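One structure is given here, and the rest of the page talks about it.
If you're wondering where the values come from, they're calculated on a predicted model, not measured in any experiment. The analysis underlying the following values was restricted to heavy atoms, covering all of them including side chains, and did not include hydrogens, waters or symmetry mates. Throughout, a chain's letter reflects where its sequence line sits, starting with A, and its residues are numbered from 1.
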There are 2 protein chains.
Amino acid sequence: MAPTTSSAATRDRILTATTELFRRQGYNGTTLSQIVEASAATTGSIYHFFPGGKDELTAEVLRVSGAGYGELVEIVIRSALDPATGMHNAFEAAGQLMIETDFIDPCPIGTIAREVASTNEPLRLVAADVMQGWVERLAAVLVDAGIDAAQSERLASMSVTTIEGGFVMARTLKDIGPFLSAGEVVRQLIADALPE
Amino acid sequence: MAPTTSSAATRDRILTATTELFRRQGYNGTTLSQIVEASAATTGSIYHFFPGGKDELTAEVLRVSGAGYGELVEIVIRSALDPATGMHNAFEAAGQLMIETDFIDPCPIGTIAREVASTNEPLRLVAADVMQGWVERLAAVLVDAGIDAAQSERLASMSVTTIEGGFVMARTLKDIGPFLSAGEVVRQLIADALPE
DNA sequence: CGGGGACTAGAACGATCACTCTAGCCGAAC
DNA sequence: GTTCGGCTAGAGTGATCGTTCTAGTCCCCG
């Protein structure tokens, strides 16, 4: 509806290349010259689309990929018979992805959030928005399954916490065992909360 | 037993200053000149004690502070009536610490691990050793409380996963609510596994 | 077919990076 | 009281950081 032909493609290339680099090396570990090379764009293009420089680009990466992950997880969960097995499937899928990609971070947002939380308040706020969005979206799914609002919120928050912690463990240990068994615990927690 | 008077003090100052900086800004976000300033040491001293440079210093920070945290958590847990309330106390204490320090990272290891896991294999291995040590130490406490070995290992791993995930959430949201309610879940999991 | 805005190109900038190196300080050993 | 090695001091290295800036190129619109 809005596209100005090739320009949007360049912007997209910049965003996806940056996301990919962030997944491997985080925010401070990624340089603009790496982004230029990986996206086949130029410095000029980056500053054209993101006049605020690296921080504005990072904020957009957090928003776009954050929304993408939230949507993906919701689809996986809703396509299962119930949210408990759906959550289990999401853990399985993420674990499979990590193995296939040699434990590249499935999602750079937690890493970046922890990197910048004390030093870059605007980016911290964007990351907080994204995570809050995940919790709310997940809580809505649980409410739809008949769990009351307060417990849905707690379970959703616990799910996101466990996923993020699981990423730390899996990536560090290069082993998805702890991640999957954490997923099993979350599955059980949700199953116990489900009506009848 | 070994000390060469003031030299050990300088080495310690370098280590504690680096740990503190890592807690705020991670590995890639921390520069050697910041470490020089914060530790009141000089570049020469840093390379004298850590000839391998930033990476060797980082490895030592991971080992020393990792062992410290592991010890601290074990003491907190063992000083409670049972490991379930002990773990709960540990979450409470960490949460309190975060509030008092305006949500500085209580422990830089997870952040650094995720930053370097794909780009610096030696450091990843050190971080993996540290985390594995935490799990084993925690599992031993649970075994002592009468839980069988396999489940102790699972619960210990889940505890570390939840703590790490909780740090991500609390630090990003500047809210210890999710962290504490995750701690409550872990407390219940351990309590359910305790004999009689 | 001419004008103009969106976009690209990449050289250049000052700052700062991790690190090296030479010089010298200082306290213990004899 | 001189020697010597552990340690400190800090200027200097080349590389690279994020950013700026001036020239373009391209394509749509009239």
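A sub-4.0 Å separation between OP1 or OP2 of C:dT8 and a side-chain N or O of A:S45 is present.
Nucleotide D:dC7 holds its C1' atom 15 Å from the CG atom of B:D12, rounded to whole Å. Here the C1' atom of nucleotide C:dC17 and the CD atom of B:Q25 are 14 Å apart, to the nearest Å. Residue A:H48 contributes atom NE2, which lies 16 Å from atom P of D:dC26 at whole-angstrom precision. The distance from atom CD1 of B:I35 to atom P of C:dT16 is 17 Å, rounded to the nearest whole Å. Rounded to an integer number of Å, the gap from CD1 of B:I14 to P of D:dA9 is 11 Å.
Side-chain polar atoms of A:R24 and B:S118 form no donor-acceptor pair below 3.5 angstrom. Side-chain contact, B:R114 with A:T111: a donor N or O sits under 3.5 Å from an acceptor N or O.
Under the rule for a side-chain hydrogen bond (donor to acceptor under 3.5 Å, both in side chains), A:T101 has no partner lying at least two apart in sequence or in another chain. Under the rule for a salt bridge (Lys or Arg N to Asp or Glu O under 4.0 Å), A:D192 has no partner lying at least two apart in sequence or in another chain.
Figure legend: cation-pi geometry between A:K54 and A:Y27, with NZ or CZ positioned under 6.0 Å from the six-membered ring centre and within 45° of its axis.
Between the side chain of A:K174 and the main chain of B:A117, no donor-acceptor pair closer than 3.5 Å is present.
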Go along nucleotides 17-24 of chain D 5' to 3' and tag each nucleotide: B for a protein heavy atom under 4.0 Å from its base, S when only backbone or sugar atoms are that close, - otherwise.
SSBB----

